[in-house]
Amino acid sequence: MFDGPLETLVRQLAALPGLGSRSAKRIALHLLSAKGTKLDALMRALTEAAREIVTCNTCGNLDSSDPCRVCQDKNRDKSILCVVGGIADLWAVERTNSFKGQYHVLGGVLSALDGVGPDQLTIDQLMTRLRTGGIREVILALSATVDGQTTAHYLMDHMQCMNLHITRLAHGVPVGG
Ligand code: ZN
């Protein structure tokens, strides 16, 4: 039914999380029905995002600056570190407006099923931060799933001898914020 650029567009959209080929076709038609406005605006947003958004080398957050705004904020307490699985979890904690420390994004959680081991996550970087950074307290805000809790245990084992105050969120953060 489709070929060329239209097929490519639908295929790219269908590959996005939460979208199947039906939604992809609907979105493609929607964008193409208003090329001058909607398609252009999306193209500009994508180009700008590709050009300007970078990963913060300190915490793993996404922002238009590295270090990110959270890491640069002088009003935040650098002695408290909140460890989260993904960036959506960081945003979820930020939305609560009640945490004024710093973050560390692991880039996922340990998962035997999905083949995610410690090397796939930023655990080494976390341990380096903890050894060098003047951090006194660590809050493990990992999801309440089996994998999230396995990751929390793994981290606690590795932080045991570091003289840190470690707390865990009772119910974790909602998956995907
Ligand atoms: Zn940062």
Side-chain angles (χ1 to χ4, degrees), residues 15-18 41-112 114-177:
L16 297 174
L42 182 62
M43 272 167 50
R44 274 199 304 277
L46 290 171
T47 309
E48 213 172 304
R51 194 179 52 223
E52 290 181 16
I53 298 178
V54 289
T55 300
C56 174
N57 273 312
T58 307
C59 73
N61 190 14
L62 285 175
D63 202 352
S64 47
S65 63
D66 175 23
C68 72
R69 258 165 290 187
V70 176
C71 287
Q72 281 188 46
D73 190 342
K74 292 193 168 52
N75 294 319
R76 300 187 76 113
D77 188 345
K78 291 203 187 316
S79 71
I80 308 173
L81 191 71
C82 178
V83 178
V84 293
I87 292 163
D89 303 321
L90 185 160
W91 291 346
V93 177
E94 274 299 278
R95 268 203 306 276
T96 66
N97 234 332
S98 56
F99 177 69
K100 290 292 166 224
Q102 306 256 305
Y103 291 95
H104 189 89
V105 180
L106 291 173
V109 288
L110 296 173
S111 169
D114 297 329
V116 181
D119 292 347
Q120 270 89 53
L121 306 176
T122 60
I123 292 178
D124 277 352
Q125 291 92 315
L126 171 63
M127 294 306 154
T128 307
R129 273 182 96 177
L130 294 176
R131 273 187 224 105
T132 54
I135 293 157
R136 285 182 292 108
E137 183 177 347
V138 173
I139 300 165
L140 296 173
L142 297 162
S143 65
T145 60
V146 173
D147 287 343
Q149 295 312 299
T150 305
T151 310
H153 281 292
Y154 180 91
L155 294 177
M156 286 195 296
D157 277 352
H158 283 73
M159 293 187 295
Q160 231 171 31
C161 50
M162 287 186 178
N163 195 24
L164 294 161
H165 183 67
I166 303 168
T167 49
R168 288 165 72 181
L169 288 193
H171 301 290
V173 288
V175 176

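All ligand and atom numbering here is 1-based and tracks the order in the structure.
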Spatial distance of atom CD (Glu94) from atom NZ (Lys100) [nearest 0.5 Å]: 6.0 Å
Environment of the Zn ion (ligand 1) in terms of protein N/O/S atoms, cut-off under 2.8 Å: Cys56 SG, Cys59 SG, Cys68 SG, Cys71 SG
Throw together a table of side-chain donor-acceptor distances under 3.5 angstrom for residues 128-141, partners on residues two or more places apart or in other chains.
from	atom 1	to	atom 2	distance (Å)
Thr128	OG1	Asp124	O	2.9
Arg129	NH1	Thr58	O	3.3
Arg129	NH1	Tyr103	O	2.6
Arg129	NH1	His104	ND1	3.2
Arg129	NH2	Tyr103	O	3.4
Thr132	OG1	Thr128	O	2.7
Arg136	NH2	Ser79	OG	2.9

Short side-chain to backbone donor-acceptor contact, Asp147 and Ser111, under 3.5 Å: no
Exceeds 12 heavy-atom contacts within 6.0 angstrom, atom CG of Asp157: yes
Side chain to side chain, Val109 and Val116, heavy atoms closer than 4.5 Å: no
Main-chain N/O of Gly86 paired with Asp89 side-chain donor or acceptor, under 3.5 Å: yes
